[in-house]
Protein chains: 2
Amino acid sequence: MRKREDRARSTIYDIAKRAGTSASTVSLVLNGSWQRYRINSDTAARVREAADALGYRTNQRARGLRLSRSSLAGMAIPHYRNRFFAGLAEEFEAQARSRGLCPVVVSTQRDRATERFVIETLLAQQVEMVIVAGVDRPDILNELCALAGIACVNLDLPGSKAPSVVSDNRGGARRLTTILVDEVRARGGDPSQIAFVGGNSGEYATEERLAGFREATAGFALDESRVLRCGYSPATAEALIESWARQGDGFPPGIFVNSITACEGFAAVLRRRLELGQRTSLACFDWDPFAASLPVPIAMMRQDVDRLIGACFELIEREEPCEAAMITVEPTLEIVSAFGTAAG
Amino acid sequence: MRKREDRARSTIYDIAKRAGTSASTVSLVLNGSWQRYRINSDTAARVREAADALGYRTNQRARGLRLSRSSLAGMAIPHYRNRFFAGLAEEFEAQARSRGLCPVVVSTQRDRATERFVIETLLAQQVEMVIVAGVDRPDILNELCALAGIACVNLDLPGSKAPSVVSDNRGGARRLTTILVDEVRARGGDPSQIAFVGGNSGEYATEERLAGFREATAGFALDESRVLRCGYSPATAEALIESWARQGDGFPPGIFVNSITACEGFAAVLRRRLELGQRTSLACFDWDPFAASLPVPIAMMRQDVDRLIGACFELIEREEPCEAAMITVEPTLEIVSAFGTAAG
DNA sequence: TTGAAAGCGCTAACAT
DNA sequence: ATGTTAGCGCTTTCAA
């Protein structure tokens, strides 16, 4: 299974020999600029023929070295396990390719050391740009890129050392919460008992969403003990929600689930305690087709992946420097399942 | 935002100049082989000092060109939108990194042209190996790799031109179906009315799973009109299941959902017709935490991503050629929600 | 209309 | 113990 060295990859010199011409002519022909150099069309034909007889394929590494362009575009992302990040990865690939770049997406598992390591690796591979997605406090990574002279933009979680693209977390959360409050009221519940679950304290997206949550609940005294930024682990969210469930009547009449990951924890409890679906409603920032079908009234905010990625490329392609730029993209309310029926 | 050319990336020559030595000494020092060459530790220290004063980072493209090693490892995958493929991508990254390779994962959206294009791109980038995951009839892609002298293995869907790694689809499906039949019987349903939904006719995994399904239902006459290999589109599966739901009593008492993607279609119908959860049970090949929490008895078969990827690397690292090799990995029964309670 | 030659950044014989 | 040199495969200027 080892790479067979015998069938060595062919080079422009092999083609030149076979076509009875020189390497430079081959290069000219293969790059389409042979018209400009008025190369004989017979020669050109012979070259092309030889090239595909040999199954020639340009060595992009050599080409990149010569041109000091790699045609690689990098993106770092926490993981692929939810629709938001999966969508970002796929859309990044599509948009990179449409620009003639080869996309290189790498996941970091939200680990600081891994984040740094993958960015270093991307830079060593001479990527021409990098998108840093979902990294809390990305400044160090931005600086690494700046040092290498590589354009860099932050996505999802912003920083001050590079331009950033984010969803309208606050506005989206406000809309979501307003809907949730109405729903709870319609069901005769006490909106001051609505909970906020998931995300990390001090993290931009979480704090913005919490701010939106507070704006929409400003009309009454919120029970602060129900605001729990308990991270992104489904298990932690599950333990928390399970403990509420054990309280019986004390279970929140509505939950704002900050991140679909925490929502997994809710789903796990729901599986064991189906009656929760009669007693509570959910508002979740992020979308998932299965979560949308859980037997509980649920509203979901879907981030606009296409425009988020589009904005990143736009910032990168801008002529002027714009460290401070921050583009905000509106998310859309995707699913409101069973809301407003007042019965669950 | 353009790349600033002023802060040109430093090279070993810059370091050599600053450290008052030569480029080769720098190279030797930076590659750790300076011990072997008995380079003065003062010189080595000066070199290292200069290197990080300049923020030096090896140009892997130049290095690769010289060594004819790229230290890139490629994998093509249909998409990232379910846990199976997301898991494959993440595990591939981890295992590639642990071998000192830079992982490059690209998605193809199950499109033939894109599949070919991304493989060509990976080869042009001189990747040292490629994993072709989830591609039906991967022979052409395997041949492209063989032509380039690059080791290649198929994952999930096998081919004859390269070794393959697959899950035990037949065995897994048999186990899953056996459980489903028991469940349907326990609920007083007619097991001959169990349906098989999703996947493509003629595709390896689908046919294997169908074979396992048939083995487990061999004891009675199956209603063949309920075997529907209707592809991977959630919308198609949704339309199909919705039409069954409209038949009322004709709804299958159990469904073998071949692929989590088709299961999304079921979830969508379930959201509108919650009563289906009382009347049917699901067996799904693949796992998703939200799907596992749907209000319907559901059994899920989770593929062993770590071992699948591990087997791929093992095949690639083998010394002997092994085109015909096919490694089978056992999946595990992950969730049996509400099964055996006979009430749903 | 085409070929020779230089050089992108790096490594590894081979000299010294 | 360290420097010189010759490429890896490609592009592009310049000369012919």
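In what follows, every chain begins at residue 1, and chains take the letters A, B, ... in the order their sequences are listed.
Position along DNA chain D of the nearest nucleotide to B:Leu67 versus B:Ser24 favours B:Ser24 as the more 5'-ward residue.
Atom CG of B:Leu30 and atom P of C:dG9 are 15 Å apart (whole Å). The distance between atom CD1 of A:Ile39 and atom P of D:dT11, rounded to the nearest whole Å, is 13 Å. Distance CZ (A:Arg66) to P (C:dA6): 12 Å, rounded to an integer number of Å. Residue B:Arg69 contributes atom CZ, which lies 9 Å from atom P of C:dA12 at whole-angstrom precision. If you measure from atom CG of B:Asp14 to atom C1' of C:dC10, you get 13 Å, rounded to the nearest angstrom. Rounded to whole Å, the distance from CG on A:Leu28 to P on C:dA4 is 14 Å. For the pair A:Asp42 CG and C:dT1 C1', the interatomic distance rounds to 12 Å; values are reported in whole Å. The distance from atom CD1 of A:Ile12 to atom P of D:dT11 is 6 Å, rounded to the nearest whole Å.
Checked by atom type and distance alone, the side chain of A:Glu128 pairs as donor or acceptor with a backbone atom of A:Ser70 at under 3.5 Å. Distance alone, capped at 3.5 Å, is enough to place a donor-acceptor pair between the B:Arg83 side chain and the A:Arg81 backbone.
Applying the 6.0 Å contact sphere to CZ of A:Arg116 captures no more than 12 heavy atoms from other residues, nucleotides or ligands.
Scored by the side-chain contact (heavy atoms from CB on, under 4.5 Å) test, B:Glu143 finds B:Lys161 as partners (sequence neighbours excluded). Under the rule for a side-chain contact (heavy atoms from CB on, under 4.5 Å), the partners of A:Thr114 that lie at least two apart in sequence or sit in another chain are A:Thr108, A:Asp111, A:Val118, B:Arg97. A:Gln95 pairs by the side-chain hydrogen bond (donor to acceptor under 3.5 Å, both in side chains) definition with A:Glu91, not counting sequence neighbours.
Over its full length, the helix from C:dT1-D:dA16 to C:dT16-D:dA1 turns its helical axis through 50°, comparing axes from the five pairs at each end and rounding to 10°.
Contact annotation: A:Thr11 does not reach the phosphate of D:dG9 (side-chain N/O to OP1 or OP2, under 4.0 Å). At the phosphate of C:dC10, OP1 or OP2 sits under 4.0 Å from a side-chain N or O atom of B:Tyr56. Regarding contacts with the backbone of D:dC8, every side-chain N or O of A:Arg61 stays at 4.0 angstrom or more from both OP1 and OP2. Considering only side-chain N and O atoms, A:Thr43 lies under 4.0 angstrom from the phosphate OP1 or OP2 of C:dT2. Of the side-chain N and O atoms in B:Asn31, one or more sit less than 4.0 angstrom from OP1 or OP2 of C:dT11.
What you find for B:Cys145 and B:Val130 is that their closest heavy atoms are SG-CG1, 3.8 Å.
Taking 3.5 Å as the limit, the base of D:dC8 and the side chain of A:Tyr13 contain no donor-acceptor pair of atoms between them.
Counting only heavy atoms from C-beta on, A:Arg63 has its side chain closest to D:dC10 among D:dT2, C:dC10, D:dC10. Comparing D:dT12, C:dG9, C:dT2 by their nearest atom to the side chain of A:Leu65 picks out C:dG9.
Considering A:His79, A:Arg110, A:Glu203 as possible partners of A:Tyr232, the one that fulfils the side-chain hydrogen bond (donor to acceptor under 3.5 Å, both in side chains) test is A:Glu203.
No hydrogens or angles considered: nothing links the side chains of A:Ser167 and A:Asp304 as a donor-acceptor pair under 3.5 Å.
Annotation: proximity of residues 15-23 of chain A to DNA chain C (heavy atom, distance under 4.0 Å) is found for A:Thr21, A:Ser22, numbered in ascending order.
Note on residues 49-68 of chain A: pairs passing salt bridge (Lys or Arg N to Asp or Glu O under 4.0 Å), not counting sequence neighbours, are A:Arg57-B:Glu120.
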